[in-house]
Amino acid sequence: MGEDGNTSIFNFSYTSFLLVGFPGLQERRPLLVLPLTFLYVSIVSANALVIHTVVAQRSLHQPMYVLIALLLAVNICASTAVMPKMLEGFVHYANPISLHGCLAQMFFIYFTLLLDYNLLLAMALDRYVAICHPLRYTELMTSHLLGLMATFALTRSLGVAVPLVVLTAKARFCRTSVIRHFTCEYIALLSIACGDLTFNNRLGLAMRLVTVTFDLALLGSSYTRIIYAAFRISSGGARAKALHTCGSHLLVILTIYLSGLSTSIVFRVAKTVSQDVQNLLSAIYLLLPGALNPLIYGVRTKEIRQHIEKMLCGKQSPQDIREKSQSMREERELPG
């Protein structure tokens, strides 16, 4: 707790807080530590397994798989920004955090969420080129373009996350030092701030609306064209593969955007919803993508699934069997 340098009570502002997530659980909170720890370990392990598979297998060093690996790496960072402090709060009812720590956590939460959105745009571009312009795919989707897309994703994410954090840091937190949330989300921090917060509220809402609306418009336009082009593919097998791949990406998009939309609606509209329900929806929004994305890509993407099966079970993929048979035939044909 502290003051901003002025002894006037009107300039008083807390500089340390207590995170109190799920206040209605009370004595049952410690019982959730083990399940949540298992969830966090599972998120990190599943995402890391798919990332390792993409990195280790030379046949997966293609733009689509590289973008999947980057998305899953962001999932690990996002869950790590939330889960350790969340688990600490379930062990201790009142979970202390400094203002700087709170702002740092808020930055990483929104930075990783925005990176998710931007990587989904990059994946849509990749699929658009692969299906709508297949003959020019290797010419267009180069490592240079991947680097440019990664730079754009980082710059755009910073361009939204940094202003939110800077604006929040300038607010005065004089209502209470208790944040009734398990993490330092933008709306949770504003709820304990005092003074005129009209600009803060409007900026936060405008940034989210502009970002989400723009991204959804691009994604909708891209996948409409992709699906239309996929149905025009003459080969039934190629058409099914293209639609199956797009289906995986669309599942991920729906998971991220629908969970985020439900959280925003509850926070801004449903004032009568209990604090525990708001916390639960935030937890789903922040953690569900990290839990589902490796399952979606690891199970539905045939090439990744086959390599994971080979790694975990020693099962050979059809490609490995063909290569081994070809090698044996070549050895038999050698003279002497």
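Computed from a prediction, not measured in an experiment: that's the story for all the values here.
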- [ ] Let me see the working for Y65 and T53 under side-chain contact (heavy atoms from CB on, under 4.5 Å), right down to the final yes or no.
- [x] CA-CA 10 Å; Y65 304 114; T53 303; over 6 Å; no

TODO: Would you name the heavy atoms of T112 and C77 that are closest together and state the gap between them?
DONE: CG2-CB, 4.0 Å

- [ ] Sort out for me which residue in L72, V74, L71 forms a side-chain contact (heavy atoms from CB on, under 4.5 Å) with N47.
- [x] L72

TODO: Could you walk me through whether L146 and T142 pass side-chain contact (heavy atoms from CB on, under 4.5 Å), step by step?
DONE: CA-CA 6 Å; L146 276 179; T142 61; over 6 Å; no

Open item on the list: Quick check on H100: does its NE2 atom have over 12 non-hydrogen neighbours (other residues, nucleotides or ligands) under 6.0 Å away?
Closed with: no

Task: Donor-acceptor pair between S157 and N118 side chains, under 3.5 angstrom - done: yes

Open item on the list: To check you understand the geometry: which heavy-atom pair defines the closest contact between C132 and I226, and what is its length?
Closed with: SG-CA, 4.2 Å

- [ ] Would you check if there is a donor-acceptor pair between the side chains of E303 and S59 at a distance under 3.5 Å?
- [x] no

Task: Heavy-atom pair of closest approach, residues L140 and L145 - done: O-CD2, 3.2 Å

Open item on the list: Closer than 4.0 angstrom, basic N to acidic O: yes or no for D215 and R156?
Closed with: yes

Open item on the list: Walk me through whether Y285 and L113 qualify under side-chain contact (heavy atoms from CB on, under 4.5 Å).
Closed with: CA-CA 10 Å; Y285 173 45; L113 287 175; 3.6 Å; yes

- [ ] Inspect the contact between K302 and E309 and indicate whether a charged nitrogen and a carboxylate oxygen are less than 4.0 angstrom apart.
- [x] no

